[in-house]
Amino acid sequence: MQTAAAIERLPAIGLADARGRALRDLRISVTDRCNFRCVYCMPREIFGRDYRFMEHDELLSFDEIVRVAEAAVGLGVDKLRITGGEPLLRRGIEELISRLAELRTPSGARPDLALTTNGAALRVKAASLKAAGLDRVTVSIDSLDDAEFRAINDVSFPLDRVLDGVAAAAEAGLGPIKINAVIKRGVNDGQILPLAERFRELGHTLRFIEFMDVGASNGWSLADVVPSAEVIRRIDAVHPLEPLAPGRAGETAQRWRYRDGAGEVGVISSVTGAFCGTCTRARVSADGKLYTCLFANHGFDLRALLRGGADGSELGDALSGVWAQRDDRYSELRSELGGTADRDRIEMSYIGG
Ligand code: SAM
Ligand code: SF4
Ligand code: SF4
């Protein structure tokens with residue numbers, strides 16, 4: 001029997017999985033397509049002309065996405081992130097944003113609404129995204145060297161246009177802006193300091209992400225990973241840092257503050273410092289599969305449920321049923337095994353990072 005104290009705590013805990021982790025964040029992929037071919041995410045040898053992307057009717061419609069998000073928010077999700085592929089390629093994305101911005105948690109609060117983008121279309125879209133109700137953007141920038149940036153995105157997309165997109169987002173009020181940089185040894189590890197210096201100057205929050213073994217196509221090897229500790233050491237040697245306390249339960253980044261007061265920088269140690277114990281994220285792929293881990297090998301088919309006529313409460317039951325059984329902790333297992341844990345893999349561009 002539950003004690004009165006335990007019952008009192010329940011609303012704060014919300015829905016718990018098999019390891020006691022709450023469901024707080026929902027990442028929604030709105031397309032599996034992208035205008036970049038980042039070498040570590042959508043290598044062109046695989047994502048070439050013959051690659052079969054989803055047809056439009058395979059994607060969840062905006063109505064369907066809103067219904068899923070509404071059910072999740074009803075279960076305690078207070079953070080929604082739109083991703084892809086490249087989410088700004090989804091036609092009419094502002095309409096989806098405006099409908100998601102109307103959702104309210106059971107306590108009447110507005111969930112935090114963010115979007116992760118490669119920034120290519122931000123100059124054009126920033127103001128309309130803000131007007132639709134988007135709170136914040138995260139922009140992925142892996143190098144400040146134009147030639148290197150073009151080689152990494154592998155479509156020769158110029159760095160200046162993405163930096164201009166970041167400026168447009170700042171002007172539109174889509175901050176605090178976060179910048180994601182995936183560092184791969186021998187490719188862009190020379191960029192750690194330049195990236196740190198540029199974005200501390202601009203006042204944007206930079207997060208270095210360890211290169212992960214997502215998908216089956218990026219040729220991952222542990223030797224390619226630059227450990228977060230090394231990233232921090234390299235920055236600290238020039239611009240002294242001190243650790244910051246985590247901002248929010250379930251936050252993926254370890255945050256550091258520049259001792260001279262010039263903002264902060266973070267590292268996401270998905271490989272060298274697994275954080276499965278506090279992972280509160282669920283993901284919905286563009287075709288409506290619900291995944292309880294970035295490395296899960298199969299998802300629950302929400303689209304079948306939606307198109308089969310399920311109502312809101314059936315949808316909520318399905319989400320809570322899947323979450324209650326969740327036992328994932330892939331990154332911890334990978335660390336224990338010292339490398340890749342055995343499994344089938346879904347691609348990052350499919351599940352959305
Ligand atoms: N296209 C958007 C973008 O690039 O921001 C959103 C989707 S992308 C899959 C989301 C994030 O995943 C990006 O910041 C990207 O750098 C990161 N990512 C992709 N593949 C990765 C990998 N193998 N390891 C770590 N991060 C990765
Ligand atoms: Fe596209 Fe983002 Fe993947 Fe790069 S990281 S290929 S921009 S989905
Ligand atoms: Fe969460 Fe899975 Fe990543 Fe662990 S490996 S932090 S459970 S998404």
Side-chain angles (χ1 to χ4, degrees), residues 17-19 21 23-25 27-44 46-47 53 81-90 114-122 137-143 149 152-155 157 162 165-166 178-184 187-188 206-221 224-226 250-253 268-271 273-283 285-286 291-297 326-335 341 343 345-353:
D17 73 4
R19 295 181 170 271
R21 299 166 296 190
L23 171 62
R24 301 286 304 278
D25 316 55
R27 298 187 174 205
I28 304 167
S29 171
V30 293
T31 179
D32 60 338
R33 292 172 199 252
C34 189
N35 50 341
F36 285 11
R37 285 292 175 274
C38 300
V39 289
Y40 58 82
C41 178
M42 293 181 80
R44 60 168 63 250
I46 290 167
F47 295 88
F53 289 101
R81 178 172 293 276
I82 309 298
T83 178
E86 174 46 43
L88 298 186
L89 292 185
R90 180 81 186 252
L115 176 141
T116 306
T117 173
N118 61 27
L122 260 184
V137 287
T138 298
V139 186
S140 304
I141 301 179
D142 304 318
S143 177
F149 183 79
I152 292 173
N153 67 52
D154 209 14
V155 293
F157 197 90
V162 173
V166 172
K178 284 190 188 157
I179 307 290
N180 276 355
V182 175
I183 301 295
K184 199 174 165 189
V187 175
N188 62 339
L206 175 64
R207 304 277 192 235
F208 288 101
I209 305 178
E210 288 179 346
F211 175 45
M212 288 184 282
D213 49 334
V214 199
S217 59
N218 69 6
W220 187 87
S221 145
D224 296 329
V225 178
V226 179
E251 188 170 58
T252 50
I268 303 186
S269 316
S270 340
V271 177
F275 38 77
C276 302
T278 57
C279 178
T280 54
R281 286 172 296 285
R283 295 172 161 88
S285 63
Y291 291 91
T292 54
C293 175
L294 188 49
F295 299 89
N297 49 25
R326 174 184 193 245
D327 193 30
D328 306 276
R329 55 183 198 106
Y330 174 80
S331 289
E332 286 179 355
L333 296 174
R334 183 211 297 113
S335 314
R343 66 197 166 83
R345 305 168 186 200
I346 44 171
E347 298 295 334
M348 193 69 148
S349 54
Y350 170 75
I351 200 170

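Order of appearance sets the numbers: ligands from 1, and atoms from 1 within every ligand. Residue indices begin at 1 and follow the sequence shown.
Contact annotation: the side chain of Asn35 approaches that of Asn118 to within less than 4.5 Å [non-hydrogen atoms, C-beta and beyond]. Looking only at side-chain heavy atoms (C-beta outward), Val182 and Tyr40 come within less than 4.5 Å of each other. The shortest distance between side-chain heavy atoms of Val166 and Ile179 falls below 4.5 Å. Counting only heavy atoms from C-beta outward, the side chains of Arg19 and Arg329 approach each other to under 4.5 Å. In this structure, Asp32 and Phe47 have side chains that are not in contact, with every pair of non-hydrogen atoms separated by 4.5 Å or more. Annotation: side chain of Val162 is in contact with side chain of Phe149 (closest heavy-atom distance under 4.5 Å).
Residue Cys34 has no N or O atom closer than 3.5 Å to an N or O atom of ligand 1. At under 3.5 Å, not a single nitrogen or oxygen of Ile209, backbone or side chain, sits near a nitrogen or oxygen of ligand 1. Looking at ligand 1, you'll find an N or O of Ser140 within less than 3.5 Å of one of its N or O atoms. Note: an N/O pair closer than 3.5 Å links Tyr40 and ligand 1 by distance alone.
Of the N and O atoms on the side chains of Glu86 and Thr31, not one donor lies less than 3.5 Å from an acceptor on the other residue.
A cation-pi arrangement, defined by a distance under 6.0 Å to the six-membered ring centre and an angle within 45 degrees of its axis, is present between Arg334 and Phe295.
Here Thr117 has backbone heavy atoms under 4.0 Å from ligand 1, and that is the only part of it that gets that close. At a heavy-atom distance under 4.0 Å, only side-chain atoms of Thr83, from C-beta outward, approach ligand 1.
Interatomic distance, CG of Asp17 versus CG of Asp327, reported as 7.5 Å (0.5 Å rounding). Atom CG of Asp328 sits about 5.5 Å away from atom CZ of Arg326, to the nearest 0.5 Å. For the atom pair OG of Ser269 and CZ of Phe275, the computed distance is 7.5 Å after rounding to the nearest 0.5 Å. Expressed to the nearest 0.5 Å, how far CE of Met212 lies from CG of Leu294 amounts to 5.0 Å. For the atom pair CZ of Phe157 and SG of Cys38, the computed distance is 11.5 Å after rounding to the nearest 0.5 Å. Taken to the nearest 0.5 Å, the SG atom of Cys41 stands 12.0 Å off from the CG atom of Asn153.
Close approach of ligand 1 to Asn118 is summarised as follows: ligand atoms under 4.0 Å from at least one heavy atom of the residue are 2 (C), 3 (C), 5 (O). Within the listing of ligand 1, atoms 19 (C), 20 (N) sit less than 4.0 angstrom from a heavy atom of Cys41. Atoms of ligand 1 found under 4.0 Å from any heavy atom of Val182 (numbered from 1 in listed order, with element): 16 (O), 25 (C), 26 (N), 27 (C). Those atoms of ligand 1 with a heavy atom of Glu86 less than 4.0 angstrom away are 1 (N), 2 (C). Near Asn180, meaning under 4.0 Å from one of its heavy atoms, ligand 1 places the atoms 14 (O).
For ligand 3, the 4.0 Å heavy-atom shell contains residues Phe275, Cys276, Cys279, Arg281, Arg283, Cys293, Leu294, Phe295, Arg326, Asp328, Tyr330, Ser331.
For atom 1 (N) of ligand 1, the nearest non-hydrogen atom from the set Ser270, Gly85, Gly119, Ala181 comes from Gly85.
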Open item on the list: Walk me through whether Arg81 and Thr116 qualify under side-chain hydrogen bond (donor to acceptor under 3.5 Å, both in side chains).
Closed with: CA-CA 7 Å; Arg81 178 172 293 276; Thr116 306; 2.9 Å; yes

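At a threshold of 4.0 Å, the pair Asp25-Arg281 does not count as salt-bridged, since none of the basic side-chain nitrogens sits closer than that to a carboxylate oxygen.
Around atom 1 (Fe) of ligand 2, protein N, O or S atoms at less than 2.8 Å comprise Cys34 SG.
Look at Ser29 and you'll find every heavy atom at least 4.0 Å from all atoms of ligand 1.
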